[in-house]
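Here's the structure we're looking at; comments come further down.
Protein chains get the first letters and strands the later ones, always in sequence-line order, with residue 1 at the start of each.
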Amino acid sequence: MTERPSVPFAVLHPYRRPEPRPFRLRLRLIHGVGIAGAVALIGGAAFAQGGTSTRSAFEVILQWSPLLLSGFLFNITISVLAMLLGTIAGIALGLVLIGHNPVTRWTGWVFTQFFRNSPWLVLLFFAMFLIPYEFRVAGTTIPFPDWIKAVIGFSLPVMANVAELVRGAVRSLPSGQWEAAESLAFSRRQTLWMIILPQCVKRMLPPWMNLYSLVTMATVQASIVGVTEMLTLTSQVHAAEGGRPDLLAPLYGFAMLCFFLYCYPIERFTLYLERRFKV
Amino acid sequence: MMQPTTKADPTPGGLWTPDKPLIQLTDVHKSFGAFEVLRGISFDVMKGEVVCIIGPSGSGKSTLIRCINALVPIDAGSIQVEGQEVHDPKLDKLALRRKVGMVFQQYNLFPHRTALQNVMMAPVHVLRQDRDEVEQRAHALLKKVRLSGKENAYPGELSGGQQQRVAIARALAMRPDVMLFDEVTAALDPETVKEVLITIRELVEEGMTCMLVTHEMGFAREIADQVYFTDRGVIVEHGAPDEFFSAPKDERTQAFLSQIL
């Protein structure tokens with residue numbers, strides 16, 4: 001507390017937005033408790049079953065972790081590719097949404113709403129069963145494995161969401177930016193690419209990263225349509241260990257922990273960017 | 001949208017010469033929906049002339065000035081800038097906007113570009129002029145508006161008055177024949193209004209044709225050649241500033257001035 005001379009009238013100090021703190025992954029007590037809880041879950045369940053003939057859950061996870069982690073890597077690969085594909089398509093669709101042509105704009109709007117409001121799993125099923133497993137182009141056969149179809153399946157909702165992000169960000173810019181560009185004789189295309197979109201990137205980045213986090217967590221749905229990703233592998237490992245019920249929680253807990261440790265920093269970083277960009 | 005770059009003869013009725021009005025408005029009408037903002041406005045601005053438009057809020061001043069560089073399309077009437085008809089579906093907007101510079105109330109600088117880049121962007125990308133030559137000119141323009149040393153500052157780092165002066169330099173970089181100022185000091189702190197007005201006065205002294213929408217009556221009186229008072233979409237009264245301010249004839253002008261002064 002600093003001493004302030006007491007004044008007989010109220011003083012209104014100008015509002016100062018607090019400076020954004022530098023980004024740091026702060027591990028506080030609560031995080032420690034969470035991680036310890038997950039470990040205890042694994043270890044505790046193992047201890048309860050700690051007979052002489054059965055191995056502890058810890059040992060099981062340790063033994064299978066290379067396989068499980070390779071599955072997790074696959075999840076990440078799917079999420080990154082889906083995000084890449086979806087973002088490129090989404091920016092294109094977003095530009096259609098803000099375009100002047102009413103026909104393409106309306107078509108784009110229907111397209112966007114359809115993919116934004118469909119369950120991701122349903123889109124995944126569509127991608128799985130409607131895309132052929134190989135293409136023949138000029139005599140050469142291009143195979144289309146399941147995981148690529150999953151990438152396409154996930155990129156559809158990403159596309160629709162990114163399109164909405166683009167549209168929203170462009171709309172959120174003050175109209176004065178368009179007017180100033182127009183009065184300086186910039187063409188619409190120049191205005192968009194040199195003045196409007198560069199300013200949108202900053203606004204779009206935090207929600208875009210949020211979306212990525214969601215996509216990563218959604219990739220486990222690919223196990224339902226037969227892609228050998230982490231969740232599929234976890235269930236196979238469980239079967240290989242004789243289906244012991246006590247392994248269920250530790251094994252799936254491990255999968256959860258992997259996703260948490262991957263997505264949580266992204267989430268923190270998103271929050272940091274939001275503060276930093278003042279959006 | 002593609003802008004034709006060939007300079008066709010902009011004047012169907014012969015070449016414009018400096019003895020004709022630089023800007024000529026004839027019976028301009030404009031409605032937003034059912035609301036008629038401009039109800040038949042006519043006036044001329046000669047080369048080198050300084051015209052101030054004053055009037056109560058919502059009287060159509062800003063709309064009027066925006067019509068001149070086709071930011072707002074008009075419904076009826078004629079606007080000619082150096083003989084080029086603005087109210088024309090085949091309008092060559094590039095040709096028009098090269099001639100007309102505009103400064104806005106909210107500055108509207110591009111916040112992701114530095115002051116220098118703000119000034120350079122249009123000449124380099126729109127007029128495709130040589131970058132080095134434009135950069136030299138941009139430095140000179142920033143010096144002229146007393147912002148040497150702020151070349152690499154982003155708009156967010158500048159005060160309102162400084163931003164507005166960058167905006168003036170940015171408009172000047174296109175080498176316009178006429179400058180439009182739309183309430184350029186209305187969003188500024190009282191202390192910084194002066195520095196912007198000084199910059200405008202210097203422009204006027206160099207012979208720049210200017211049209212100002214303003215609430216700075218003292219400045220209008222000092223600088224204008226003609227003062228126009230608009231109310232409800234029509235020009236109520238106009239005249240030379242001394243006569244206009246000391247002996248307004250119309251009741252509405254008298255009422256307005258008595259409120260302001």
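With a threshold of 4.5 angstrom between heavy atoms, B:Phe104 approaches chain A through side-chain atoms but not through N, CA, C or O. For a residue to count as touching a neighbouring chain, one of its non-hydrogen atoms must lie under 4.5 Å from one of that chain's; by this rule A:Gln190 touches chain B with the side chain only. Interface remark: B:Val100 contributes backbone atoms only to the contact with chain A (heavy atom separation under 4.5 Å). For a residue to count as touching a neighbouring chain, one of its non-hydrogen atoms must lie under 4.5 Å from one of that chain's; by this rule B:Leu109 touches chain A with the backbone only.
Within a 6.0 Å radius of CH2 in A:Trp120, more than 12 heavy atoms belonging to other residues, nucleotides or ligands are found. Within a 6.0 Å radius of CE in A:Met209, more than 12 heavy atoms belonging to other residues, nucleotides or ligands are found. Heavy-atom contacts from other residues, nucleotides or ligands closer than 6.0 Å to NZ of B:Lys150 number 12 or fewer. More than 12 heavy-atom neighbours from other residues, nucleotides or ligands sit within 6.0 angstrom of CZ on B:Phe43. Counting heavy atoms of neighbouring residues, nucleotides and ligands inside a 6.0 Å radius, atom CZ of B:Arg131 does not exceed 12 of them. Annotation: A:Tyr272, atom OH; neighbour count of heavy atoms from other residues, nucleotides and ligands within 6.0 Å is above 12. For A:Gln113, the CD atom sits in a packed shell: over 12 heavy atoms of surrounding residues, nucleotides or ligands are nearer than 6.0 Å.
Note that NE2 of B:His112 is 7.5 Å distant from CD of A:Gln177, once rounded to the nearest 0.5 Å. The OG atom of A:Ser183 lies 6.5 Å from the CZ atom of B:Arg170; values are rounded to the nearest 0.5 Å.
The closest side-chain heavy-atom distance from A:Phe186 to B:Met121 is below 4.5 Å.
Each of B:Ala167, B:Ala122, B:Gly101, B:Ala70 has some count of heavy-atom pairs under 4.5 Å with chain A, and the biggest count is that of B:Ala122. Most heavy-atom pairs under 4.5 Å with chain A, from the set B:Met174, B:Gln105, B:His125: that is B:His125.
Counting all heavy atoms, side chain and backbone alike, A:Leu184 lies closest to B:Ala171 at CD2-CA, 4.4 Å.
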